[in-house]
Amino acid sequence: MIRLLLGLFEMNKNALAATVPVAATDVAVSWDNLYWFLVYISLFFFVGIILAMIIFAVKYRKDVHKKPKYIHGHTGLEIVWTVIPTFLVLWIFWWGWVVYKDMIHAPADAMEVHVVGKQWLWQFVYKNGTSSIGDLYVPVNKPVKLIMSSEDVIHSMFIPNFRVKQDVVPGMYTSVWFETKIPGIHQIFCTEYCGTSHSGMLGRVIALTPDQWRDWVSGKKIDVDSLPADPTYPGFRSNHLGEGMPASQGTLTTGLSLAEKGKALTQSKGCVACHSVDGSRLVGPSYKGIFGEDVKLEGGKVVKVDENYIRRSIENPQAEIVEGYPPSMPVYKGLVTEEEIIAITEYIKSLK
Amino acid sequence: MSHAAAPAVQHGDNYINHTPGIKSWLGTLDHKRIGMMYLFTIMIFFLLGGIFALGIRLELFSPGLQYMTQDTYNRFFTYHGAIMVFMVIIPLIPAAIGNFVLPMMLGAKDVAFPRWNLFSYYIYICGALLASSTLFLKGVDTGWTFYTPYSIRSSSSATYVLLGAFIMGFSSILTGLNFIVTIHKLRAPGLHWDRLPLFVWALYATSVIQVLATPVLAITLLLLVLERTLGIGIFDPKLGGDPVLFQHFFWFYSHPAVYIMVLPGMGVISEIIPVFSRKPIFGYKAIAAATFGIALVSFIVWGHHLFVSGQSEFANMVFSLITMFVAIPTGVKVFGWVATMYKGSLRFNTPLLYVFGFLFVFTIGGLTGVFLATIAIDVHLTDTYFVIAHFHYVMVGGTIMAFLGGLHYWFPKFSGKMYHETPAKIGAFFVMVGFNVTFFPQFIVGVLGMPRRYADYLPQFTVYNRISTIGSWILAVGFIVTAWNLWRSLKNGEKAGDNPWGGLTLEWQTASPPPFENFLYDPVVTEGPYEYRGDKVYLGKNA
C-alpha cells in the first residue's frame, strides 16, 4: 500500500516536472524552487476557498437551512485574513527579489557576446569577430553575458531552459546572462511581438563541451545535428519556424577580432583625430582606461561609461558632454551601423 | 434596504412603452434606455470579438499555418484584443448595467447629467465605428497594446484604431464623471455613505479611475498618432525618441484600466451573494474599503508590465513590492464573499451559480497574479501563454462571469420577465466548463515556454493547444445557449413581478420594468442595503 502510494507520488512528481522546462542553469533551479512554492501555497488557498464555498453551499442550502443567521462580520477574522496574507506576499516578494538579483547580475568573468535582433532573426557577434545567425555558440559551465540591441523594433530574448528573458530594444543595450550545465541545444524564442514573422523568430543556444568549444573557436565546423536535442522540446531541432527569413547555420569568420575591427573603424571614421588611445588629452577624452569608469559631465551629473553611454556618445554626443571638453563632436546617428557600434565599443573596452 | 419606499405600480406604464418608436429610443435621455442601448451595442461587439477569438483558436488547433497567413493571424489577435478591451469589457458593466441600475439603487430619477449620458453613448459609437472601419481598410496588426516602434512602422490602418480608442476614451471619462456626481448628489434621503450598496461603491471607485487615468491614455494615443503621421520623434528611437516611454505611458492607464474592468464585476458579486444567501454581506466596510484600496494601488503598479523591458533593477523592485499589495484587498473581498454564505440560506438560482463560477475562476486569476508580481517568476512567464491565461481568468472568468450573473439577476428588472431557469443553468455550466478547458492548459503551455502572439508553434505544444481550442467551442456553446435563452425569455418569459429575488436594494422596490422616472414616490432609506434578518420572511417568489 505504502509502496503504491510512493509509486503514485513518484509518477506524479514526474508528471509535474514535465510541466516546466528542463532546468539547465543554477538560476533555473532556484526559479523552480520558488515556482513550486508558489504553486503549493496557491493550491492551499484555492482549495481552502473552494472547499469552504462547497461546504457552505451544501450545508446552508435553502432546503435544509431555512433561517439564515444575522451576522455582519467578525473583526478578528478580518484582521487575520488581512495580516497573514500581507506577511506571506512580503515573503514571496523578497524571495522573488533574491532570485532576480542572481538572474540579472552576471559574474565579472562572464564571456561577452553581442546580439543584434532584426525582423526576424537573431545575429550573434563574438569578440573574435565571428558572427553567426540563428545559432548562439557557447561553452558549457562558463558564464555567458549577452549584450543586446535591435536594429528595428523591440524583440525579446527568451531561453526557457535558463529561465531568462530580456527585451531587446532599438537605441539601447540590455543584457542577460546564463551558465548552462547541459550541453546540446536550448531553444530561443522571440517574446516581444515584432510583426509578420514574429513566431518564426526562433534561435538556438548551442552549448558545447570544452573539446567542441576549442574546435569551434579554432574555426572547425560543428555538426549541430549530432548534438543532443533540447531536453524540453525533444524532436524539434530548428532555429526558425515556418516561412520567413531562413537562418544560416554556419559561422562566418572575417579574420579580424571585434576590437581590431573597431580600431580600423575609429581610424576610417576619424574618431582618433580627437580621441587619443594612449591617455593623452586631445579635443575629446581619451579612450584609454575609460570603460567602466565614472566620468563627470557638464552640469555636474556623474555617469558610468558602459556600453549604453558609449552608444549615446556616438549617436548623440551633445547630450552628455564630459566636463571640461568642448561640445564639438558631430552627431553620428544613422552614420554607423549596429555592428560598427559594437566593434568600436569592444575596441574602447580593450584599451585598458 | 428600505421598507419606506412605496411600491410603484401604476398599471402598464414603464420605461419601455413610455414613448413609442425607434426615434424615441435613439434620442432618449432615460438612463434605463441608454443602458439597454449600451447593452445591445456592446453585445454586438462581444460577438465580433468572440468570432476573432474562435478564429485564433482554430488556427492554433495544429502547429503550422492552416487557415491564415501570419499577417492575417496578427490582425485576428489585434482585433480580438482591441475590441474586447476597448469596446466590450471597459464599458460593459458600468455603461450597460451600471447605467440602468445605479440611479435606481440611489433612489434617483436619472443620472445627474442625462444629456451627457446620451452624448457619451454616441461618442462610444463614433469611436467604435471608426476603429471597426479599419476592418474594411488595411486592418491593424500592432496588438491591442500598440507597442512602439512597431506601431510606428506598421503599414496597417493603426492610426484609425488609435483615434477610435482616443474617442472612446471620452465616453469613458464622461460616464465616470456623470456617475461620481450622481452618487454624490442624487442619493435618496437616508441613503448615507455607509448604506450604499457595494455595487455603487464599486462603480464609484471605477469612475474615479476612469476620470483620472483615461486622459493619460488619450494623450498617449494622440502622441502615437502624431508620431505615425508627423514623425515628432518622441517614441521612435531612430529620431531620438524612447520606445519604452510609450510602455510607461500606456500602462499608466492600462493597468488601472484592468480595475476599470474588474471592480464593477466585483460589485455585482457583492450584490448577488447577500440576496441569494439571505444574509448581510460579511464585512461591509472592509469590502468597500478594499474596493478603494485596489483603485488606489492600481495607479502605482504599472511598472510590473515592464520587468523585462530594460527598466532599472530598482524600479522593478519597487513595482514588484507594491504589486504584492493588490493581493491583500482582493483577498479581503474573496474571503468576505465566501464568509457571507456561512450560515446563510442559499438559493441556487443562475446568478448564484455564476457567483460560484466567479469565485472558482477569479481565485485562480488572482493567485496567478501573485506569480507574475514576483519579479524572478515574471521574467520567465511574461509574454508567454501564462499571462494570457492569467488575464483571461481575471477578465473573462472574473468580469464576464460577474456580468452574466448580473445580467440574469437584473434581467427581471430590465424586462419585467423571468428568464427560463433550466436553460440558463445549462448555459452557465457550459460557460464554466468551456472557460476552464480553454484557458487552464494555457497556464501549462505558458510555463513550458510558448510565447504569446505566435501564429505557429513547436509541435510539443500541440496537445495543450488542441484542448484549448476544443474548450473555446464549449465556451461558445455556453454563450449561444445563454443568449438564445435570454432572447426567448424576453418574448415568452413569465411575468417576473417587482421583486422576484427578495432584494432589499432600492431598484427592487419599484415596478418591473420600472416606470419612466423609476419611482412613483420618493423612496426613503432607513437602514443598510443587506439587512436580512433571519426570522423574517422576504418577498421573492423565485428565490
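Numbers restart at 1 for each chain; the letters A, B, ... are given by sequence-line order, proteins then strands.
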Chemist: Starting at OG1 of B:T340, measure out to CZ of A:F56 and round the result to the nearest 0.5 Å.
Modeler: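 The CZ atom of A:F56 is 10.0 Å from OG1 of B:T340, to the nearest 0.5 Å.
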Chemist: Side chains of A:H105 and B:E313: is there a donor and an acceptor less than 3.5 Å apart?
Modeler: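 There is such a pair (donor and acceptor under 3.5 Å, judged by atom type) between the side chains of A:H105 and B:E313.
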Chemist: For chain A, which of B:G310, B:P149, B:A290 has the most heavy-atom pairs under 4.5 Å?
Modeler: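 The candidate making the most pairs under 4.5 Å is B:P149.
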Chemist: For a 4.5 angstrom cut-off between non-hydrogen side-chain atoms, does B:E531 reach A:H72?
Modeler: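 A side-chain contact exists here, since the closest heavy-atom pair is under 4.5 Å.
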Chemist: Would B:S309 and A:D167 satisfy side chain to side chain donor-acceptor pair (under 3.5 Å), going step by step from the backbone distance to the final call?
Modeler: CA-CA 5 Å; B:S309 69; A:D167 283 4; 5.3 Å; no
Chemist: Does the side chain of A:P68 come within less than 4.5 Å of B:K343's, by heavy atoms?
Modeler: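 Heavy-atom side-chain distance check fails, nothing below 4.5 Å.
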Chemist: B:R453 versus chain A, heavy atoms under 4.5 Å apart: side chain, backbone, both or neither?
Modeler: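 Backbone plus side chain of B:R453, per the 4.5 Å heavy-atom cut-off to chain A.
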Chemist: Do A:E192 and B:Y150 have side-chain N/O donor and acceptor atoms under 3.5 Å apart?
Modeler: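 Side chains of A:E192 and B:Y150: no pair found under 3.5 Å.
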Chemist: Looking at side-chain heavy atoms only, is the closest gap between B:V379 and A:I104 below 4.5 Å?
Modeler: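 They are not in side-chain contact.
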Chemist: Among B:Y454, B:Y147, B:F77, exactly one meets ring-ring contact (aromatic ring centres under 6.0 Å, His included) together with A:Y193. Which residue is that?
Modeler: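 Of B:Y454, B:Y147, B:F77, ring-ring contact (aromatic ring centres under 6.0 Å, His included) with A:Y193 is met by B:F77 alone.
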Chemist: Side chain from CB out, backbone as N, CA, C, O: work out which of these in A:E78 comes under 4.5 Å of a heavy atom of chain B, or both, or neither.
Modeler: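 For A:E78, side-chain heavy atoms alone lie under 4.5 Å from chain B.
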Chemist: Go through the atoms of A:L202 and report whether side chain, backbone, both or neither lie under 4.5 Å from a heavy atom of chain B.
Modeler: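 Interface part for A:L202: side chain.
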Chemist: With respect to B:H380, which candidate in A:F189, A:F158, A:Y35 satisfies the ring-ring contact (aromatic ring centres under 6.0 Å, His included) definition?
Modeler: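 Filter result, single survivor: A:F158.
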Chemist: Do the non-hydrogen side-chain atoms of B:Q247 and A:I154 ever get within less than 4.5 Å of each other?
Modeler: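 Side chain of B:Q247 against side chain of A:I154, heavy atoms only: contact under 4.5 Å found.
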Chemist: A:M201 versus chain B, heavy atoms under 4.5 Å apart: side chain, backbone, both or neither?
Modeler: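 Just the backbone, heavy atoms under 4.5 Å.
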Chemist: Counting only heavy atoms closer than 4.5 Å, note whether B:Y457 contacts chain A via side chain, backbone, both or neither.
Modeler: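 Just the backbone, heavy atoms under 4.5 Å.
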Chemist: For chain A, find which of B:G344, B:P237, B:P451 contributes the most heavy-atom pairs closer than 4.5 angstrom.
Modeler: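 Of B:G344, B:P237, B:P451, B:G344 has the most heavy-atom pairs under 4.5 Å with chain A.
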Chemist: For each of B:T382, B:V370, B:T384, B:V244, tally heavy-atom pairs with chain A at distances under 4.5 Å, and name the one with the top tally.
Modeler: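 Answer, by heavy-atom pair count under 4.5 Å with chain A: B:T382.
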Chemist: Do we see a donor-acceptor contact under 3.5 Å between the side chains of A:Y100 and B:D378?
Modeler: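 The answer is no; no qualifying pair exists.
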Chemist: Between A:L90 and chain B, with a heavy-atom cut-off of 4.5 Å, which part of the residue counts as in contact: side chain, backbone, both or neither?
Modeler: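 For A:L90, the side chain is the part near chain B, not the backbone.
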Chemist: Side chain, backbone, both or neither: which part of A:L88 has a non-hydrogen atom closer than 4.5 Å to chain B?
Modeler: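 Contact with chain B is absent: no heavy atom of A:L88 under 4.5 Å.
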Chemist: Between A:K69 and chain B, with a heavy-atom cut-off of 4.5 Å, which part of the residue counts as in contact: side chain, backbone, both or neither?
Modeler: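 Interface part for A:K69: both.
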Chemist: Where on A:T82 is there a heavy atom nearer than 4.5 Å to chain B: the side chain, the backbone, both, or neither?
Modeler: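 The answer is both parts of A:T82.
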Chemist: Should the ring pair B:F360 and A:F46 be called parallel, tilted or perpendicular, given that the plane angle runs from 0 to 90° and is split at 30 and 60?
Modeler: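 Ring orientation of B:F360 relative to A:F46: perpendicular.
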Chemist: Under 6.0 Å between ring centres, would you say that holds for A:Y60 and B:Y342?
Modeler: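 Judged by ring-centre distance (under 6.0 Å), A:Y60 and B:Y342 do meet the cut-off.
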Chemist: Quick check on A:M53 against chain B: is it the side chain, the backbone, both or neither that has a heavy atom closer than 4.5 Å?
Modeler: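 For A:M53, backbone and side chain are both near chain B.
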Chemist: Using 30° and 60° as the class boundaries, would you call the ring planes of B:F282 and A:W81 parallel, tilted or perpendicular?
Modeler: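 It falls in the tilted class, 30° to 60°.
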Chemist: Using side-chain heavy atoms (C-beta onward) and a distance below 4.5 Å, is A:W97 in contact with B:S320?
Modeler: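 No, too far: nothing below the 4.5 Å cut-off.
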Chemist: Rounded to the nearest 0.5 Å, what separation is found between the OG1 atom of B:T363 and the CD1 atom of A:I50?
Modeler: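 Nearest 0.5 Å value for the OG1-CD1 distance: 5.0 Å.
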